[in-house]
Amino acid sequence: MQEKDGEVKGMSDIDATGVPRAARASVETVLAAVWDDETFTSNDVMPRVGLTRSTTIEAIDELIRYGVVEELPNARVGGDYRKGRPARRFAFRPDAASVVGVDAGRTHVIATVADLRGRPLTRVSRELTTDLDDPVRRQEVVAAVIDAALADAGIAREHVVAVCVGVPAPVDGAGRSPARHNDFWYRMNPDLADTAAPWAPLVRVENDASLAAVAESVHGAAIGCRNFVAILAGDRLGSGVVIDGHLLRGAHGGAGELIPFDHVRGVGSVDGIGVHVATWARQAAEQGRIGSRSRLAGLSPSELTAPAVFAAAREGDPDAVDIIVRSARVITRIASVFGGFFDPERIIFCGAVAESIESALVPARTMIQNEMHLPAPDLVASPLGADVVAAGAVAAATESARTHLLAFASTPLTAPSR
């Protein structure tokens, strides 16, 4: 046998499961075409995949063997057919396997079990304390929350094809986080890719803000947008950057890391907008700068939260409005830096703060016009709220399954017993 392009001729046409690569390619093409269909026939599929009738039917039959497509009663039985030979009808089986998305934040772990179309089946969450910064304990908790969610859904590990975990740290292509002087990134991602790798075929770990960008592109404010930035803006700033339809990662996963804002005049830290607003409100109260008639007057420091300030500003409270305008200046500076570096069409502010931030975005949209040389990006609030990372983790796990499902499926998939 001769070698060609680094492969042994005669072997390169067979994949790892012993299936000819050409046949596998046609099966994968058909699977991608029918993934979102409720029902379909071979005639529906052929124009979309560019395959012959016989190849299309062979691919559909192979998908039936894999267990991801089922054959339905024919059109005559279904009442939609009157003359001639009834067409075979098929349906994609979203219950053929499951995916798990995990938001492993600094103070919480949320695990969502979903079907192959990303529709949630169950969700389990656990609040964390600082003692769970211990890497071993964090691994244990993440594994325990995943198992609890699977148990709640009645799903065995063997039925899961993809797991995605989001963490507040840069993550490289192998799912690892780079070393940092205080080990915070490693404590947030103590090789969490290893947690599910022994039993899940497809495992990915991603930066939480990158998953926010994934969620926005699938469910939120970036549907159909190829150039945008998603910024987690509640407690600490983090960003997912999508340019020309590609999510940027960087050599060490740091493409959206915002620690450099510590050195940007007008921002000064990676504290999120919610933290800034609450801090300024408490400082104003301590310094006697809150008027007696203000809605903020008399609130304890623990009650002077960002939502309280935003709510007071919406009611026209002048002291709260001053704080919100101040936050708009920070938003403007953040957005102008991103606008200058990446030229996005849209900047989306995500996380729990998104539910309140519109009152700060209104003045920021005017301010940014004077900050930019390029056309200013649209500044919008995410509609996904505090669940944006969890939603992104499920979407990313579903994407992995959609892309690679058949690469490991050497035996038919079976739906879980209920």
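Just the heavy atoms: all of them, side chains too, but no hydrogens, waters or symmetry mates, feed the values below. These figures come from a predicted structure and were not determined experimentally.
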Taking the side chain as every heavy atom from C-beta outward, state whether [X] and [Y] have any pair of such atoms under 4.5 Å apart.
X	Y	result
D194	R176	yes
R119	P94	yes
F338	S239	yes
M367	V325	yes
V309	W280	no
V102	L192	no
L248	F342	yes
F40	V30	no

Answer yes or no: are there more than 12 heavy-atom neighbours, outside D235 itself, under 6.0 Å from its atom CG?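 No, because the 6.0 Å sphere around CG of D235 holds 12 heavy atoms or fewer from other groups.
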Residues, nucleotides or ligands: over 12 heavy atoms within 6.0 Å of H108 NE2: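 Yes, enclosed.
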Is a side-chain N or O of [X] found less than 3.5 angstrom from the main chain of [Y], in a donor-acceptor match?
X	Y	answer
S294	L296	yes
E315	A311	no
D115	S98	no
E216	A221	yes
S210	G240	no
N207	A209	yes
H159	D95	yes
D152	T122	no
D387	A391	no
R106	P168	no

Salt-bridged, [X] to [Y], with N to O below 4.0 Å?
X	Y	result
R89	D44	no
D147	R157	yes
R402	D36	yes
E38	R117	yes
R249	E206	yes
E371	R329	no

Where do I331 and I357 land on the side-chain contact (heavy atoms from CB on, under 4.5 Å) test, with the steps shown first? CA-CA 10 Å; I331 289 171; I357 204 171; 3.9 Å; yes
For the residue pair [X] and [Y], what are the closest heavy atoms and their distance?
X	Y	value
A97	L116	O-CG, 3.5 Å
V242	A213	CG2-CB, 4.1 Å
P307	S356	CA-OG, 4.3 Å
G339	L374	O-CD1, 3.7 Å
S42	I57	CB-CG1, 3.9 Å
G316	V321	C-CG2, 4.2 Å

Between N43 and R53, is there a side-chain donor-acceptor contact under 3.5 Å, judged purely by atom types and distance?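 Looking only at side-chain atoms, N43 and R53 do form a donor-acceptor pair, the distance falling under 3.5 Å.
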Side chains of H276 and S327: donor-acceptor distance under 3.5 Å anywhere?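 No, no side-chain donor-acceptor pair sits under 3.5 Å.
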To the nearest 0.5 Å, tell me how far [X] [atom1] sits from [Y] [atom2].
X	Y	atom1	atom2	answer
E71	L63	CD	CG	12.5 Å
R226	R346	CZ	CZ	13.5 Å
L202	L405	CG	CG	8.0 Å
I64	R88	CD1	CZ	5.5 Å
E399	R204	CD	CZ	5.0 Å
I348	I231	CD1	CD1	9.5 Å

Trace of the side-chain contact (heavy atoms from CB on, under 4.5 Å) decision for Y66 with L31: CA-CA 11 Å; Y66 280 125; L31 177 60; over 6 Å; no
Decide salt bridge (Lys or Arg N to Asp or Glu O under 4.0 Å) for R236 and D208; before the verdict, give the C-alpha distance in whole Å, the side-chain angles of both, and the deciding distance to 0.1 Å. CA-CA 11 Å; R236 288 176 64 84; D208 54 1; over 6 Å; no
Run H252 and W185 through side-chain contact (heavy atoms from CB on, under 4.5 Å) and show every step you take. CA-CA 12 Å; H252 308 97; W185 290 338; over 6 Å; no
Tell me, with the steps shown, if L258 and V267 meet side-chain contact (heavy atoms from CB on, under 4.5 Å). CA-CA 11 Å; L258 300 186; V267 182; over 6 Å; no
